[in-house]
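A quick write-up on the structure given underneath.
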Amino acid sequence: MQITDSLATLVSQALESAQASGSLPAAGDVDIKIERPKLAQHGDFSTSLPLALARSMRMAPIKIAEAIAAAVPENAIVGSVNHAAPGFVNFTLSTAWMQSQVDVVREAGENFGSVDIGAGKSVQVEFVSVNPTGPLHVGHARGAVIGSSLANVLAAAGYEVQREYYVNDAGNQMRVFYDTLYSRYMQAAGHDVPLPDPAYPGEYLQDLAADLLKDLGDGAVSKEKPEAIADLAPESLKRTLEHIRGVLGKLGVSYDQWFHESDLLTSGRFDEVLNLLDDADLVVERDGAKWFAATKLGLEEDTVIIRSDDGGPTYFGTDIAYHHEKFIERKFDRVINVWGADHHGHIARMKALLQALGLDPDRLTIILNQIVNFKNEGESLKFSKRNNVMVTVEELLEEVGADSCRFTFLSRSPESHMEFDLGLAKTQSSENPVYYVQYGHARMASILRTAAERKITYESADLSLLTHDRELELIRKIIELPTVVERAAERLEPHHLPHYAMELARSLQRFYEDCRVLSSEEGDLEISMARLQLVEAAKVALSRTLKLMGMSSPERM
RNA sequence: GCGCCCGUAGCUCAGUGGAUUAGAGUAUCUGGCUUCGAACCAGAGGGUCGGAGGUUCGAGUCCUCCCGGGCGUACCA
């Protein structure tokens, strides 16, 4: 149970007992919100419930606050309760309780910070899902970082999480890709085959074609184009996906499943779902194409499911089957898709579709991450696959490093239109907040190492010696982690993690500055032992936070 | 035109679903290393929260309008 939940219960009990004793009048159902005051002098937690009750109780809020504060029952967590103008009840945590938490954190170890709001419900997080037509470029990194961290957070919050990459291996883009690959392959074999129009640009395809020629031989050269492509396609897809998988791995991203769009077509699921829609009278034929009749569901316009030119499904068409598969076949309680903001027009259609399939649209959540504006030394960079100006994720990682990259993307909320200055990220490395956070971890590790070298054991420490302001400040910050995880999971906002990490590292550095852990003085052994336990707890909390962010927790730097 | 998103310190960004005196990093300036790691700590300056109305006892947060920017508005994905 979270501290805030415990406090809410206490407030609820206080309210009831004050009403029972007649010091407060009756009130309707109330939602007790526990907040964190901005100023330390107002305590650790507060509630503005009296302000909300003032109207229905027809009493001055300050009087209500006074009555509630006086009625809070005795308990282990709260040290003192006060009321303050204009109508707050402020709580200060009990010192003894905080001290006891050091042990709780150490015992929880790498599980510290976990909560159980998910209650084992299954949730799928689908992210990146870039067309397998070449290397990932920097614009894809943001969604990768957000999606993977979000998955970590949800797992820590008690959900059964599945991480998925949707491989679009069946659409028009792939056709263009393979057409271009064919030309490049033939060119590599010395034949003058022009590029198709449109064609995929970039050196990647030339390199891939040359590799295929080298590794598979020139057997496809003498074949007709469709047969040649059939020969080359599987291997090119495999290699491209391997490359993508490798780069994402370097970025700290991994998946439980790579789901292929083509499977939806070969398995018959696409046709099946199309029939379902047809039965619901939501498919119309017009201009030789088949449309999803979204206007019948109140949307602005219909959307094509099957093209008129070749009878193939559109991206949205297979996406219908894909989401049907997610909810009906795989039975996910919730599905979260992380999309680039340029796909936002797709959301209303998807939601309408779920409704048409008889599914609650709220089970699908789309997280849009805004396009990243990359700069170099203050100058804006425009990327495009078409005009071949791009920086790959691989290059980004070489320049900036995975941890720094993750921290930077993660510390902005997805909807912010963030700027990423590549030059700055490189040159500012030592001022980068990521190093501040990791340095804190390395420093705690160093203290524990030194303690081990000096053969200091501290299992039997007396935690009641931890009374210094900096020690208590650190404990307060450490035990905040479960609340942070809960909030990040509830709101699907992993960006709270790096901000918490900064605060924790700061509390830790301030503690280090004012509280000597290892002393050469004989009489200091008792306090050293207690502080070593605190250091260990702090390291546990910071390490877990870094892990949730998909970052490393260095023992040395 | 319409739709979605954004506008908070010089710069990059938070702000816990309305609440006690708007925060952090960075940059600038000042001070601090003889014992555990100075990639650190302490302090200072820097804000009409894009603008104007409105709701409210109370608005950076909710509503309306305006200004500025990004992205959509495909039988591409």
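To find a chain, count down the sequence lines: A is the first, B the second, and so on, and within it residues start at 1.
Between A/Arg349 and A/Asp319 no salt bridge is recorded (no basic side-chain N to carboxylate O distance below 4.0 Å). In this structure, A/Arg506 does not pair ionically with A/Glu503, as no charged nitrogen and carboxylate oxygen lie closer than 4.0 Å. Using a cut-off of 4.0 Å between Lys/Arg side-chain N and Asp/Glu carboxylate O, A/Arg412 and A/Glu419 are scored as not salt-bridged. Under the 4.0 Å criterion applied to side-chain N and carboxylate O atoms, A/Glu493 and A/Arg487 are not assigned as salt-bridge partners.
Among the atoms of the strands shown, none is found under 4.0 Å from any heavy atom of A/Ala348. In this structure, A/Arg510 reaches the sugar-phosphate backbone alone: every heavy-atom distance under 4.0 Å involves primed, P, OP1 or OP2 atoms, never a base. Among the atoms of the strands shown, base atoms are found under 4.0 Å from some heavy atom of A/Asp287. Contact annotation for A/Tyr436: backbone-only contact, meaning every heavy-atom pair under 4.0 Å involves sugar-phosphate atoms and none involves a base. Here A/Ala341 lies in heavy-atom contact (under 4.0 Å) with sugar-phosphate atoms only. When heavy atoms are screened at a 4.0 angstrom cut-off, A/Lys38 is found touching the sugar-phosphate backbone but no base atom. When heavy atoms are screened at a 4.0 angstrom cut-off, A/Met418 is found touching the sugar-phosphate backbone but no base atom. Contacts of A/Met557 with the nucleic acid, taken as non-hydrogen atoms under 4.0 Å apart, include base atoms. Contact annotation for A/Ser308: base contact, defined as any heavy-atom pair under 4.0 Å involving a base atom. Residue A/Thr314 is classed as a sugar-phosphate contact, given heavy-atom separations below 4.0 Å to backbone atoms only. A/Asn90 comes within contact range of at least one nucleobase, with a heavy-atom separation under 4.0 Å. Using a 4.0 Å heavy-atom cutoff across all strands shown, A/His344 reaches at least one base atom of the nucleic acid. Nucleic acid contact for A/Glu300: none, since no nucleic acid atom lies under 4.0 Å from a heavy atom of the residue. Looking at heavy-atom distances under 4.0 Å, A/His343 makes contact with a base.
Between A/Tyr322 and A/Phe259, the ring centre distance stays below 6.0 Å. For A/Phe45 and A/Phe91, the gap between ring centers reaches or exceeds 6.0 Å.
Between A/Tyr315 and B/rC76, no base-stacking contact is recorded for ring centres under 5.5 Å apart and planes less than 30° from parallel.
When the P atom of B/rC4 is taken as reference, atom CD of A/Glu301 falls 14 Å away, rounded to whole Å. Regarding A/Glu419, its CD atom lies at a distance of 11 Å from the C1' atom of B/rG69, rounded to whole Å. Atom CD of A/Glu493 is separated from atom P of B/rU16 by 9 Å (rounded to the nearest Å). Straight-line distance from the CD atom of A/Glu513 to the P atom of B/rU35: 12 Å, rounded to whole Å. In this structure, NE2 of A/His417 is placed 11 Å from P of B/rC13, rounded to the nearest angstrom. The separation between A/Arg286 atom CZ and B/rA74 atom P is 14 Å, rounded to whole Å. As rounded to whole Å, 11 Å separates atom P of B/rC40 from atom CG of A/Asn432. As a whole-Å value, the separation of A/Asn172 CG from B/rC75 P is 12 Å.
As rounded to the nearest Å, B/rG70 and B/rG15 have P atoms that lie 24 Å from one another. When the C1' atom is used for both B/rC41 and B/rC33, the distance is 11 Å, rounded to whole Å. Here the separation of B/rG46 from B/rG3, taken at their C1' atoms, is 38 Å to the nearest Å. Spacing of C1' atoms, B/rG47 relative to B/rA14, comes out at 15 Å, to the nearest Å. Between B/rG69 and B/rU28, the two P atoms lie 32 Å apart (nearest whole Å). A distance of about 25 Å separates the P atoms of B/rC57 and B/rG51, rounded to the whole Å. Taking the C1' atoms as reference points, B/rG43 lies 26 Å from B/rU35, given to the whole Å. B/rA9 and B/rG17: their C1' atoms are spaced 25 Å apart (whole Å).
Between A/Arg55 and B/rU56 there is no side-chain N or O to OP1 or OP2 distance below 4.0 Å. One finds a side-chain N or O of A/Ser413 lying less than 4.0 angstrom from the OP1 or OP2 phosphate oxygen of B/rA14. Using a 4.0 Å cut-off, no side-chain N or O of A/Thr450 falls inside it from OP1 or OP2 of B/rC36. A/Tyr322 has no side-chain polar atom (N or O) that falls below the 4.0 Å cut-off from OP1 or OP2 of B/rA77. At the phosphate of B/rA38, OP1 or OP2 sits under 4.0 Å from a side-chain N or O atom of A/Tyr512. Within the 4.0 Å cut-off from OP1 or OP2 of B/rA39, not a single side-chain nitrogen or oxygen of A/Tyr435 is found. A close approach under 4.0 Å does not occur between any side-chain nitrogen or oxygen of A/Thr408 and OP1 or OP2 of B/rU12. Between A/His83 and B/rU20 there is no side-chain polar atom (N or O) within less than 4.0 angstrom of OP1 or OP2. The side chain of A/Arg349 places no N or O atom within less than 4.0 Å of a non-bridging phosphate oxygen (OP1 or OP2) of B/rA74. Distances shorter than 4.0 Å separate some side-chain N or O of A/Arg506 from OP1 or OP2 on B/rG25.
Mapping A/Arg412 and A/Asn168 onto RNA chain B by nearest heavy atom places A/Arg412 at the nucleotide closer to the 5' end. Taking for each of A/Phe511 and A/Lys33 the nucleotide of RNA chain B with the nearest heavy atom, the 5'-most of the two is the partner of A/Lys33.
Distance from the side chain of A/Ser48 is smallest for B/rA19 among the nucleotides B/rA19, B/rU16, B/rU20. Nearest nucleotide to the A/Ser46 side chain, out of B/rU20, B/rA19, B/rG72: B/rU20.
With hydrogens and angles left out, the side chain of A/Arg487 and the base of B/rU16 share a donor-acceptor pair within 3.5 Å. Side-chain atoms of A/Glu490 stay outside donor-acceptor range of the base of B/rU16, with no qualifying N/O pair under 3.5 Å.
Of the N and O atoms on the side chains of A/Gln509 and A/Tyr439, not one donor lies less than 3.5 Å from an acceptor on the other residue.
Between the A/His344 side chain and the A/Ala341 main chain, a donor and an acceptor come within less than 3.5 Å of each other.
In this pair, A/Tyr200 and A/Phe177 present their aromatic rings perpendicular. The plane angle is above 60°, beyond the 30 to 60° band.
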